[in-house]
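Let me begin by presenting the structure, written as structure tokens, before commenting on it.
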Amino acid sequence: MLRFKMKETDDFKGLLPFFIENGLEYSEDEEAPEGLVQCWKVVHGDENDEHLTAGLVLSKRAGEYVIDSVGVSKLFRKFKIGKILMDKAIKTVIEKGGKRIYIVAKVPEYFKKFGFVPIKREEAPDFSECFSCEQFGNGCDPQVMRLDLE
């Protein structure tokens, strides 16, 4: 029987290979995002043989909370681990007095389930390098989204 455990972690670099393997656009030498608030990981297995199954990175830039990354291994996407991570991030932002959360979403339909709504790029603070990436508009067309918490 699989047992999953969510843990807070400061090891952004440790999450990078997982994010890259699961299609998030990072390089192996990426630095932690500016304004890093918290990283979470979900693992299964025992303490001597943990297997990373999901991760989420929350930061605060331009005075706003931003979900920088959220990824779940394909094998475990039916277990609602992404929802558990998103709920934890939303709860954390509320506890810190945040009024909204932004994300640049490659899969906007998923984030709509949590109440995120698409907004024009110009309506969001400048928190992402996504739109200056050479892949933007060339098969990668993410949507800026916002979740209002009030």
Side-chain angles (χ1 to χ4, degrees), residues 1-62 64-98 100-118 124-136 138-147 149:
M1 179 171 151
L2 284 176
R3 291 185 185 226
F4 298 101
K5 186 184 304 184
M6 181 170 42
K7 299 179 174 186
E8 291 184 1
T9 179
D10 294 329
D11 187 16
F12 173 79
K13 291 271 193 190
L15 293 173
L16 278 176
F18 174 81
F19 287 147
I20 292 168
E21 178 182 310
N22 285 281
L24 279 73
E25 287 148 4
Y26 280 109
S27 63
E28 291 181 14
D29 60 347
E30 195 94 22
E31 294 298 321
E34 174 188 336
L36 180 66
V37 173
Q38 187 63 61
C39 298
W40 291 274
K41 65 181 181 179
V42 175
V43 297
H44 71 87
D46 62 38
E47 290 188 26
N48 298 322
D49 189 29
E50 287 185 340
H51 300 277
L52 184 59
T53 60
L56 187 143
V57 178
L58 177 69
S59 64
K60 188 173 184 181
R61 291 194 299 283
E64 299 288 352
Y65 287 93
V66 178
I67 294 178
D68 281 298
S69 307
V70 60
V72 178
S73 176
K74 287 180 184 179
L75 292 173
F76 299 102
R77 289 186 181 158
K78 301 266 185 209
F79 290 89
K80 301 197 184 287
I81 296 169
K83 178 181 178 353
I84 292 166
L85 282 168
M86 289 295 296
D87 289 346
K88 180 65 173 173
I90 292 166
K91 180 180 177 190
T92 298
V93 171
I94 291 169
E95 288 171 353
K96 292 182 174 293
R100 66 199 135 264
I101 306 173
Y102 290 90
I103 191 166
V104 177
K106 289 176 71 173
V107 187
E109 293 305 315
Y110 177 75
F111 296 99
K112 286 179 181 177
K113 296 176 189 178
F114 299 98
F116 281 85
V117 295
D126 186 19
F127 63 83
S128 175
E129 297 173 1
C130 188
F131 303 108
S132 61
C133 173
E134 61 188 41
Q135 293 181 28
F136 179 71
N138 295 312
C140 183
D141 297 298
Q143 176 70 59
V144 178
M145 303 183 82
R146 182 182 68 222
L147 173 65
L149 299 172

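Positions are given from 1 along the sequence. Please read these numbers as outputs of a predicted model, since none were measured by experiment.
- Contact check for Ile67 versus Phe111: no side-chain heavy atoms found under the 4.5 Å cut-off.
- Counting only heavy atoms from C-beta outward, the side chains of Phe19 and Glu30 never approach each other to under 4.5 Å.
- When all heavy atoms of Phe12 and Ala32 are compared, the pair lying nearest together is CD2-CA, 3.4 Å.
- Between Gln38 and Lys88 there is no side-chain heavy-atom pair separated by less than 4.5 Å.
- Shown here is Lys7, whose NZ atom has more than 12 heavy atoms of other residues, nucleotides or ligands within 6.0 Å.
- Leu56 approaches Met86 most closely through the heavy-atom pair CD1-SD, 3.9 Å.
- Side-chain atoms of Ser27 and Asp29 include a donor-acceptor pair closer than 3.5 Å.
- Put simply, the side chain of Leu15 does not reach to within 4.5 Å of the side chain of Ser69, judged on heavy atoms.
- Closest non-hydrogen pair, Lys96 versus Val37, comes out as CE-CG1, 3.7 Å.
- Other residues, nucleotides and ligands contribute only 12 or fewer heavy atoms inside 6.0 Å of the CG atom of Asp10.
- Residues Ile84 and Phe4 have side chains not in contact (no heavy-atom distance under 4.5 Å, counting atoms from C-beta outward).
- How far CD of Glu21 is from CG of Leu52: 9.0 Å, rounded to the nearest 0.5 Å.
- Nearest heavy atoms, Leu58 versus Leu36: O-CD1, 3.6 Å.
- We find that Glu25 and Lys106 are joined by a salt bridge, their nearest charged nitrogen and carboxylate oxygen being less than 4.0 Å apart.
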Report task. Tell me, with the steps shown, if Glu31 and Lys13 meet side-chain contact (heavy atoms from CB on, under 4.5 Å). Result -> CA-CA 7 Å; Glu31 294 298 321; Lys13 291 271 193 190; 3.6 Å; yes
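- Among all heavy-atom pairs drawn from Glu34 and Ser59, the shortest one is O-CB, 3.6 Å.
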Sequence neighbours excluded and cut-off under 3.5 Å, please list the side-chain donor-acceptor pairs for residues 72-81, or say none.
residue, atom, partner, partner atom, Å
Arg77, NE, Val72, O, 2.7
Arg77, NH2, Val72, O, 3.0

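- To the nearest 0.5 Å, atoms OG1 (Thr9) and NZ (Lys41) are separated by 5.0 Å.
- Using a 4.5 Å heavy-atom threshold, the side chains of Trp40 and Thr92 count as touching.
- Using a 4.5 Å heavy-atom cutoff, the side chains of Glu28 and Leu16 are not in contact.
- When all heavy atoms of Phe116 and Tyr102 are compared, the pair lying nearest together is CE2-C, 4.4 Å.
- One finds the NZ atom of Lys5 at 12.0 Å from the OG1 atom of Thr53 (value rounded to the nearest 0.5 Å).
- A salt bridge between Lys83 and Asp87 is present, with a side-chain N of the basic residue lying under 4.0 Å from a carboxylate O of the acidic one.
- The environment of Glu50 atom CD is dense: over 12 non-hydrogen atoms of other residues, nucleotides or ligands sit within 6.0 angstrom.
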